[in-house]
Every structure is written in C-alpha cells, then in structure tokens.
Amino acid sequence: NLGVISIPVVVTVVYSNSQENISQAQIDSQIAVMNADFRKNNSDASNTPSEFASLVADTEVQFTLAGVRRFSSSTTQWGTNDAVKGQYPPVSPATTLNIWVCNIGGGILGYAQFPGGPAATDGVVVGPNYFGNTGYVSAPFNKGRTVTHEVGHYLNLRHIWGDGRCNQDDYVADTPSSDGPNYGCPSYPTTNCRSTDMTMNYMDYTNDSCMYMFSEGQKSRLRTVFASSGPRAAMAP
Ligand code: ARG
Ligand code: ZN
Ligand code: CA
C-alpha cells in the first residue's frame with residue numbers, strides 16, 4: 001500500500017487565438033476537478049445508483065499544479081499524431097504528468113498515452129474548451145471530466161466496454177461487461193450483455209455531468225502502475 005500518491009502536473013497551453021489562451025482560473029479549475037474526482041470528493045458521487053454505490057473508489061491519487069507554459073502558435077489544429085509534443089517536449093515525464101492544452105480538431109476532446117510508452121510523448125492532450133469547468137468551456141463537456149477520463153488512460157485504465165463487444169474485457173472485474181460506449185446521459189438502468197452498464201463511470205463516453213465514479217477494481221488496476229516494478233514507479237513516494 002503506497003498511501004496517497006501526489007502527482008505534479010505541468011500544463012502547456014498552445015494557442016492560436018486569445019480564446020485558446022485559457023486563464024489561470026480555468027487551469028486551476030481543472031486541477032480542482034481532478035482532485036475531487038480521483039479522491040471521491042466530487043459532490044455528484046452521491047448520484048451513484050445503489051447497485052454500484054459500494055464500488056465507488058477514492059483512488060488515493062491527487063495532483064498539484066507544478067507549472068504552466070504558454071506558447072503562441074500559428075497551428076490551429078494539432079490532430080492526434082503527437083505533433084504538439086514534438087514541438088513543445090514534456091517536462092520531466094518520468095515524475096510529472098504533462099498536459100498539453102491545444103485545439104486537436106476533428107471533434108476530438110482529448111487523447112492520452114498509456115503507461116509504458118515513449119517518454120517523449122508521455123502525457124495527455126486536451127482541447128482548451130474541454131479543459132476545466134470555467135472560462136472557455138463547451139457544454140456538455142464543460143465539467144473537466146475529459147481530463148479525468150484521459151488521466152484514467154494515462155494510468156492504464158481502458159474504456160469501460162473494453163473497446164469491444166460483450167466478451168471484450170477492460171481487465172477490471174467489478175465493471176460490468178458492455179456492448180459499446182454509452183453517450184449523452186443514459187437513464188438507469190441501461191442494460192447490455194445481461195448486466196447493468198456502469199454508464200456513470202469516467203471511462204465511458206457519457207456527458208461530463210453524467211459520469212462521476214471510478215470503481216474499486218479500477219483503483220486497484222491504476223495503482224499497480226506505481227508499484228516498484230510498474231511503469232510509473234518514479235511517481236510513487
Ligand atoms: N474521446 C475521448 C477518449 O476516448 C474522451 C472522451 C471524454 N468524455 C467526456 N465526457 N468528457 O479518450
Ligand atoms: Zn478514452
Ligand atoms: Ca469489466
């Protein structure tokens with residue numbers, strides 16, 4: 001048991017217009033959302049249906065803002081090929097979570113690299129209007145949950161439906177198998193694969209206001225990356 005793990009975060013804002021050059025308040029709001037969500041201090045955790053209530057986890061991972069870098073660029077859409085990371089390389093990726101805030105384009109909210117990949121591209125990329133919960137944000141992805149979801153991937157969590165059909169696994173036992181992503185704000189219960197989907201899990205594709213939990217099984221999976229032999233051992237105390 002490693003206890004509470006605190007991860008320093010460097011935010012790199014790459015903007016092509018003043019709107020994309022998001023405020024410090026917007027950055028602070030995202031750090032606050034991550035801390036609430038990963039520590040089960042989010043007020044909407046209490047919306048969890050009783051079927052899943054005992055599974056809602058405090059992952060004992062928290063975040064501190066270690067720095068903000070701002071760069072003006074003529075690039076208006078960065079895509080998902082890590083070009084932004086090549087242009088603005090990460091700060092100390094072994095010990096720091098790097099988040100690039102830039103317009104990805106193509107309707108993509110964000111993307112992440114799973115643990116164990118190249119250091120030069122380690123971290124999370126997110127669009128400025130899907131980052132934080134105040135300022136330049138776009139409903140229904142205006143509650144900071146895109147970063148919660150992407151940091152889930154960064155800590156080795158898969159999508160709740162295992163990126164496949166009913167027999168595809170997310171390698172987490174307490175998340176029921178599902179047929180595919182859920183969108184919008186599904187009513188409870190949503191049943192697929194003869195079980196209730198955990199549509200309120202951060203690793204589904206629902207709206208920000210309709211996702212509000214990690215499970216105990218996800219907690220255990222994500223914490224193994226910090227073990228002494230794990231890919232993010234350098235972040236453990
Ligand atoms: N499409 C992105 C991904 O698969 C992010 C989805 C985030 N969803 C949200 N409600 N903010 O990584
Ligand atoms: Zn995802
Ligand atoms: Ca599962």
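Since the structure is predicted, the reported quantities are computational estimates derived from the model, not experimental observations. Order of listing sets the numbers, starting from 1, for every ligand and every atom in it.
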Are Arg221 and Asp174 within salt-bridge range, i.e. N to O under 4.0 Å?
no

Measure across Asp37 and Phe214 and return the closest heavy-atom pair with its distance rounded to 0.1 Å.
O-CD1, 4.3 Å

Just wondering, is there an N, O or S atom on Thr175 that's nearer than 3.0 Å to the Ca ion (ligand 3)?
yes

Using heavy-atom distances, let me know which of Tyr205, Tyr202, Tyr111, Tyr130 sits nearest atom 4 (O) of ligand 1.
Tyr205

Quick one: closest heavy-atom pair of Gln218 and Leu157, and the distance?
O-CD2, 3.6 Å

For ligand 1, which atoms sit closer than 4.0 Å to a heavy atom of His159?
4 (O)

The answer for which part of Ile108 has a heavy atom under 4.0 Å from ligand 1 is neither

Give the atom name of whichever N/O/S atom in His159 sits closest to the Zn ion (ligand 2).
NE2

Atoms of ligand 1 less than 4.0 Å from Thr206 heavy atoms?
9 (C), 10 (N)

How long is the span from the CZ atom in Phe52 to the OG1 atom in Thr196, to the nearest 0.5 Å?
5.0 Å

Atoms in ligand 1 flagged as close to Glu150, the criterion being non-hydrogen separation under 4.0 Å:
2 (C), 3 (C), 5 (C), 12 (O)

Considering distance alone, does some N or O of Thr146 sit under 3.5 Å from an N or O of ligand 1?
yes

Residues Ala227 and Leu2: closest non-hydrogen pair is N-CD1, 4.2 Å

Nearest-contact summary for atom 7 (C) of ligand 1 - protein heavy atom, Å:
Leu109 CD1, 3.8 Å

Tell me, please, if Val172 has any N/O/S atom, main chain or side chain, under 3.0 Å from the Ca ion (ligand 3)?
yes

Evaluate the ring planes of His159 and His149, with Trp represented by its six-membered ring, and classify them as parallel (under 30°), tilted (30 to 60°) or perpendicular (over 60°).
tilted

Any idea how Tyr88 and Phe71 line up, ring-wise: parallel (<30°), tilted (30 to 60°), or perpendicular (>60°)?
parallel

To the nearest 10 degrees, calculate the angle at the Zn ion (ligand 2) involving NE2 of His149 and NE2 of His153.
100°

For Asp208, the atoms of ligand 1 under 4.0 Å from one of its heavy atoms are 9 (C), 10 (N), 11 (N)

Gap between atom OH of Tyr154 and atom CD of Gln113 - 0.5 Å precision:
9.5 Å

In ligand 1, which numbered atoms sit nearer than 4.0 Å to a non-hydrogen atom of His153?
12 (O)

Cation over ring, Arg158 on Phe114, under 6.0 Å and within 45°?
yes

With a 4.0 Å cut-off on heavy atoms, is Lys143 in contact with ligand 1?
no

Atom nearest to the Ca ion (ligand 3) - Asp170, N, O or S atoms considered
OD1

Can you confirm if the NZ or CZ of Arg145 lies within 45° of the ring axis of Tyr130 and under 6.0 Å from the centre of its six-membered ring?
no

